[in-house]
There are 2 protein chains.
Amino acid sequence: MAAKRGGARSNRSQRPGQPPRPAGEPPLSRQRIVATAVELLDAQGIDGLTMRRLADRLGSGVMSLYWHVDSKEDVFDLALDAVLEYRGSPQEPQSEDWRGEIVHILEDWRASMLSHSWSASLLPRRALGPNILSRLELLSKALSRAGVADADINAAIWSLWNYVMGATITRASFDLSDDDRAAAQQRLTHLSERYATIERSRLLLDDDWDGAFRKGLGFLLDGLAPG
Amino acid sequence: MAAKRGGARSNRSQRPGQPPRPAGEPPLSRQRIVATAVELLDAQGIDGLTMRRLADRLGSGVMSLYWHVDSKEDVFDLALDAVLEYRGSPQEPQSEDWRGEIVHILEDWRASMLSHSWSASLLPRRALGPNILSRLELLSKALSRAGVADADINAAIWSLWNYVMGATITRASFDLSDDDRAAAQQRLTHLSERYATIERSRLLLDDDWDGAFRKGLGFLLDGLAPG
DNA sequence: ACCTGAACACCGTTCAAGT
DNA sequence: ACCTGAACACCGTTCAAGT
């Protein structure tokens with residue numbers, strides 16, 4: 001068994017086309033681990049991230065990771081927050097267009113998550129890193145400036161958060177399965193007496209995700225700050 | 001190694017206080033598997049569901065499950081949809097209060113998911129089972145009756161879906177970690193120049209989840225069908 | 001301070017076989 | 001038609017040890 005294990009490991013570290021890491025390999029660090037985890041997640045999805053594979057990519061032993069990181073769970077948290085760094089100009093033009101500003105903040109948030117589609121499925125499990133908090137802060141300020149009453153601010157923030165997270169998660173999960181969607185709509189047609197209404201409106205085939213996101217956000221903002 | 005395995009198995013099937021299943025054990029079935037999976041998920045959470053543990057609870061060998069079920073993924077799908085069965089009276093009183101009706105549908109949806117908190121974290125990965133579709137159908141009909149224009153119906157459905165799913169996922173994940181939330185708010189205070197606004201509004205300590213849900217839903221419905 | 005390999009206690013699923 | 005055990009190819013993490 002030990003021999004078999006050994007064989008498997010050497011297969012892994014001699015991946016075809018991947019020469020052994022040069023001796024000048026930079027030392028392990030929390031940062032390098034997180035960056036590589038994001039790469040791996042982008043390439044292989046959520047189930048593709050394995051402490052063993054991560055270590056391989058970094059050219060180190062598995063257990064070396066645990067010096068810099070508490071657990072796999074920790075890696076997930078760090079990767080999620082890393083991907084949510086806000087890259088907008090810190091000094092916004094302070095326009096009068098508060099509504100455009102809020103829409104921009106939320107569309108950017110959604111876009112950041114959609115460009116790393118695993119991030120949506122990571123959300124339900126985890127905590128609020130500094131980059132998420134920064135975005136919430138930004139949003140809160142914009143809502144204040146827009147004149148939302150103090151008593152309504154938290155509810156407004158959570159409403160928008162809920163909407164964005166729901167939309168992003170939905171979009172990311174449906175994206176994986178265009179065929180599934182077609183098949184589902186097919187099933188609907190087949191059972192059309194049970195699902196007559198959503199069959200007729202072609203709910204599952206509508207694929208203008210960006211448009212639907214904007215439209216729904218519009219409804220919500222109308223409700224939040226009428227006039 | 002074979003011996004060790006055997007030992008582990010017999011430990012498992014002789015859990016303390018759990019007599020061996022009587023010979024009259026009902027036969028395995030898809031239904032029984034799903035029901036037991038839900039039990040197990042309720043008791044142990046998402047990481048607690050294991051094909052091996054599931055088989056143990058059912059008094060069968062692991063591989064017997066695979067006759068009735070395609071994969072673990074399949075079990076997740078079935079468990080999620082099982083928990084979303086709609087238990088309302090099929091013949092609603094058809095009230096004039098369309099808004100109350102919609103609120104009821106969505107609060108019931110949220111409540112169903114929150115009473116099986118693992119269901120929220122399952123959402124991002126998966127498909128639309130019959131019970132989910134039924135709820136969408138119900139919602140669609142209510143929106144029609146409320147006078148939402150046909151052209152807006154799909155956007156309205158997805159907006160409400162996004163909101164409910166986002167709210168449920170957020171609530172379920174924050175529920176696990178009251179301490180984390182307090183710690184996070186603590187951190188905020190400590191770095192208060194960066195997060196001044198959300199620190200002041202005590203965003204992370206606000207725990208009237210039900211109230212926030214209803215309030216935000218109100219905003220959204222105001223936007224969806226003003227007047 | 002930082003990195004390591006061996007070992008432990010698990011996983012999901014394939015396969016060939018049993019009834 | 002339905003159920004099974006052995007085996008395969010993995011996991012995350014503990015631990016004692018190395019530099």
Side-chain angles (χ1 to χ4, degrees), chain A residues 1-15 20-21 23-33 36-37 40-41 44-79 122 125, chain B residues 1-15 20-21 23-33 36-37 40-41 44-79 122 125:
Chain A
M1 161 119 182
K4 209 177 289 169
R5 270 290 184 112
R9 288 210 92 253
S10 75
N11 276 345
R12 250 205 308 277
S13 38
Q14 293 167 19
R15 297 177 305 273
R21 306 263 166 195
E25 189 74 16
L28 229 42
S29 71
R30 210 172 157 82
Q31 250 204 14
R32 221 159 73 78
I33 291 174
T36 308
L40 191 51
L41 284 162
Q44 318 251 42
I46 204 156
D47 292 330
L49 179 62
T50 274
M51 296 305 271
R52 285 170 153 97
R53 275 209 272 257
L54 186 51
D56 253 21
R57 276 209 181 210
L58 288 158
S60 78
V62 204
M63 294 315 301
S64 311
L65 304 180
Y66 285 85
W67 180 263
H68 305 271
V69 130
D70 282 346
S71 64
K72 189 183 181 181
E73 209 57 13
D74 198 15
V75 176
F76 276 137
D77 286 354
L78 294 167
L122 236 44
R125 1 183 129 231
Chain B
M1 162 121 184
K4 208 177 289 168
R5 268 289 181 109
R9 288 209 92 253
S10 74
N11 276 344
R12 251 205 307 278
S13 38
Q14 292 167 18
R15 297 178 305 272
R21 307 259 165 197
E25 190 72 18
L28 230 42
S29 71
R30 210 174 159 81
Q31 250 204 15
R32 221 160 72 78
I33 291 174
T36 308
L40 191 50
L41 284 162
Q44 318 250 42
I46 204 155
D47 292 329
L49 179 63
T50 275
M51 296 305 271
R52 285 171 153 95
R53 276 208 272 257
L54 186 51
D56 253 20
R57 276 209 181 211
L58 288 159
S60 79
V62 205
M63 294 315 301
S64 312
L65 303 180
Y66 286 85
W67 181 261
H68 306 271
V69 129
D70 283 345
S71 62
K72 189 183 181 180
E73 209 58 13
D74 199 14
V75 176
F76 276 137
D77 287 353
L78 294 167
L122 236 43
R125 358 185 131 229

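Every chain is numbered from 1 and lettered A, B, ... according to where its sequence line falls, protein lines coming before strand lines. Here the structure is a predicted model, which means the values were calculated and not measured.
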Using a cut-off of less than 4.0 Å, is there contact between a side-chain N or O of B/S64 and OP1 or OP2 of D/dT4?
yes
When you get a sec, tell me which of D/dC2, C/dG12, C/dC3 is the closest nucleotide to the side chain of A/L28?
C/dC3
Mind checking which stems touch DNA chain C? I mean at least 3 consecutive Watson-Crick or G-U pairs, both distances under 3.5 Å.
C:4-8 with D:12-16, C:12-16 with D:4-8
Side-chain N,O (A/H68) to OP1/OP2 (C/dC3) below 4.0 Å
yes
Which nucleotides of nucleotides 13-19 of chain D have their base under 4.0 Å from a protein heavy atom (B), which only their sugar-phosphate (S), and which neither (-), written as one string 5' to 3'?
BBB----
Starting at CG of A/L65 and ending at P of C/dT4, how long is that distance when rounded to a whole Å?
9 Å
Keeping the roles fixed (side chain from B/R52, backbone from B/V62), state whether a donor-acceptor pair exists under 3.5 Å.
no
Under 3.5 Å, which donor-acceptor pairs link side chains of residues 65-72 of chain A to any protein atom two or more places apart or in another chain?
{"unit_1": "A/S71", "atom_1": "OG", "unit_2": "A/E73", "atom_2": "N", "d": "3.4"}
{"unit_1": "A/S71", "atom_1": "OG", "unit_2": "A/D74", "atom_2": "N", "d": "3.3"}
{"unit_1": "A/K72", "atom_1": "NZ", "unit_2": "A/L49", "atom_2": "O", "d": "3.0"}

Within this structure, what is the CG-to-C1' distance between A/L49 and D/dC10, rounded to whole angstrom?
15 Å
Quote, to the nearest angstrom, the P distance that separates D/dA9 from C/dA9.
22 Å
Heavy-atom donor-acceptor pair, A/S29 side chain to A/R32 backbone, under 3.5 Å:
yes
Write down the distance between CG (B/L54) and C1' (C/dC10), rounded to a whole number of angstrom.
17 Å
Give a yes/no answer on whether the side chain of B/S60 brings an N or O atom under 4.0 Å of OP1 or OP2 in D/dC3.
no
Above 12 or not: heavy atoms from other molecules or residues under 6.0 Å from CD of B/Q31?
no
Find the distance B/D47:CG to C/dC11:P and express it as a whole number of Å.
11 Å
When rounded to the nearest 0.5 Å, the distance separating CG of B/L54 from OG of B/S64 is 11.0 Å
Specify the closest pair of heavy atoms between A/A79 and A/L41, including all atoms of both residues, with the distance to one decimal.
CB-CD1, 3.9 Å
Rounded to the nearest 0.5 Å, the CD1 atom of B/I33 sits from the CG atom of B/L58 at a distance of 6.0 Å
Measure the spacing between CZ of B/R57 and CG of B/L40 and express it to the nearest 0.5 Å.
5.0 Å
